[in-house]
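Input: a single structure, listed below in structure tokens.
Every heavy atom of this structure was used, including side-chain atoms; hydrogens, water molecules and symmetry mates were not. Sequence lines set the chain letters: A, B, ... in the order given, protein chains first and strands last, and positions in each chain run from 1. None of the values given here were measured: they were computed from a predicted structure.
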2 protein chains.
Amino acid sequence: MSHMGYPRLMAVDRDHVLRSAAALLTRKSTATMDEVARAAGISRATLHRHFAGRDALVRALESLGIAECEAALAAARPDEGPASEAVRRLVHEIEPAAGLLAFLYTENQLFEGEEQNEGWARLDARIGALFRRGQASGEFRIDLTPAWLTEALYGLMASGAWAVAEGRVARKDFTHMIVELLLGGALRREES
Amino acid sequence: MSHMGYPRLMAVDRDHVLRSAAALLTRKSTATMDEVARAAGISRATLHRHFAGRDALVRALESLGIAECEAALAAARPDEGPASEAVRRLVHEIEPAAGLLAFLYTENQLFEGEEQNEGWARLDARIGALFRRGQASGEFRIDLTPAWLTEALYGLMASGAWAVAEGRVARKDFTHMIVELLLGGALRREES
DNA sequence: CTTTCTTGAGACATTAATGTCTCACATGGG
DNA sequence: CCCATGTGAGACATTAATGTCTCAAGAAAG
């Protein structure tokens with residue numbers, strides 16, 4: 001056996017390589033293919049056997065990030081209970097992937113004209129729907145558009161990830177800082 | 001005359017070149033020196049006469065961004081009146097430079113170990129002081145640290161600039177979106 | 001043990017951006 | 001008119017990352 005198109009052992013390591021790359025590129029977004037390979041404990045040649053090139057690696061990281069976001073979104077049960085609580089759950093669930101998200105978020109700004117992965121569009125739509133639900137139920141103010149709230153969520157996650165990485169914010173406060181700032185703005189104030 | 005160390009005419013254009021570069025790099029942060037030169041309407045050789053290299057150009061842009069932020073901060077009179085109004089004035093004043101800020105903000109994430117321009121530290125301190133003043137006066141909640149509020153301000157400005165650039169948010173809503181989201185979170189809610 | 005397959009190491013060509021230099025040209029001042 | 005100077009265009013070397021290839025060694029499966 002093992003004369004199939006795809007090798008046996010590679011599939012096992014692929015995920016490990018991907019996560020090493022995510023961890024490294026989160027810290028140094030310009031890391032070389034060689035650095036990525038070393039970080040994963042493999043040679044550059046083997047890295048190239050996993051991913052045809054840097055583009056392929058980034059696209060794979062994109063898929064990973066999208067998958068993690070979708071998993072977090074599913075775990076957050078966005079259609080259940082108050083929208084504000086759903087947002088809180090979402091940020092909490094997504095926290096472990098925040099560094100990767102920050103990398104992909106800024107990386108996507110470079111793809112100026114090129115089409116973006118449709119996965120992002122789907123995610124944007126689902127997160128936007130959550131904010132829209134909150135507006136419809138009267139929890140969220142309506143003068144901030146769902147599209148902007150979604151964008152702000154990404155931006156705050158990236159800022160939070162960097163602030164933690166540079167020690168300006170304690171890691172344990174990550175979720176609290178983001179949720180409180182975002183919800184405090186998105187939640188309609190009681191008219192006293 | 002004009003046998004001095006620095007040429008006469010170059011000083012006139014330098015600012016124009018710098019602003020062209022800012023406008024271009026805001027849209028495409030990976031633009032080539034050649035592209036930057038063409039965008040400014042000069043040749044690559046002349047661009048090199050203005051700025052020794054890409055590093056020098058980015059450092060000059062950094063100085064420009066810092067200068068614009070400091071000018072905006074001064075114009076916003078951060079020590080006058082309610083802190084929330086000062087923040088509103090600050091965002092409004094800084095809006096024209098938001099694109100440049102977004103570029104520099106993400107650019108700085110690459111300088112991993114290297115020391116950052118001390119100008120940023122000074123700005124961080126002054127903006128942080130504004131938030132601290134708001135906390136001391138009871139306007140802002142105290143569970144969000146001034147450092148995080150400062151970071152969040154940068155992040156929201158960058159997100160806002162990108163959202164506008166990609167048409168997800170109307171340019172005229174820029175200041176409103178950012179201020180409302182940031183202040184809504186930073187402002188202590190009335191206990192009803 | 002033998003075969004099979006992956007891997008690591010290194011050599012090599014390619015590509016893209018950069019930095020440097022020269023030279024002809026135009027312009028403006030004297 | 002003549003000189004000085006900034007400029008654009010292009011040639012050229014350099015650098016860094018990338019992609020591709022070969023080959024020997026090691027491990028696993030038979």
Legend entry - Nucleotide C/dC5, atom P - distance to CG of A/D13 in whole Å: 18 Å
Legend entry - Separation of atom CZ in B/R38 from atom C1' in D/dG10, rounded to whole Å: 12 Å
Inset, instruction - Ignoring hydrogens and angles, tell me if any N or O in the side chain of A/R89 forms a donor-acceptor pair with the backbone of A/A76 under 3.5 Å. - result: yes
Inset, instruction - Look at A/R19 together with A/D15 and state whether they make a salt bridge at an N to O cut-off of under 4.0 Å. - result: yes
Inset, instruction - Rounded off to whole Å, could you give me the CG-to-P distance for the A/L47 and C/dT6 pair? - result: 17 Å
Show each protein N/O and nucleotides 13-18 of chain C N/O combination with a separation under 3.5 Å, one pair to a line.
unit_1	atom_1	unit_2	atom_2	d
C/dT18	OP1	B/R54	NE	3.0
C/dT18	OP2	B/M33	N	2.9

Legend entry - Identified side-chain contact (heavy atoms from CB on, under 4.5 Å) counterpart of A/N117 within the set A/N108, A/I66, A/L123, A/L104: A/I66
Inset, instruction - Establish, with yes or no, whether the OP1 or OP2 oxygen of C/dT7 is under 4.0 angstrom from a side-chain nitrogen or oxygen of A/S43. - result: no
Inset, instruction - Indicate yes or no: does A/E35 engage A/K28 in a salt bridge with an N to O separation below 4.0 Å. - result: yes
Inset, instruction - Side-chain contact test, heavy atoms from C-beta onward, threshold under 4.5 Å: evaluate it for B/V169 versus B/F174 and give yes or no. - result: no
Inset, instruction - Would you confirm whether the ring centroid of A/W162 sits within less than 6.0 angstrom of the ring centroid of B/Y105? - result: yes
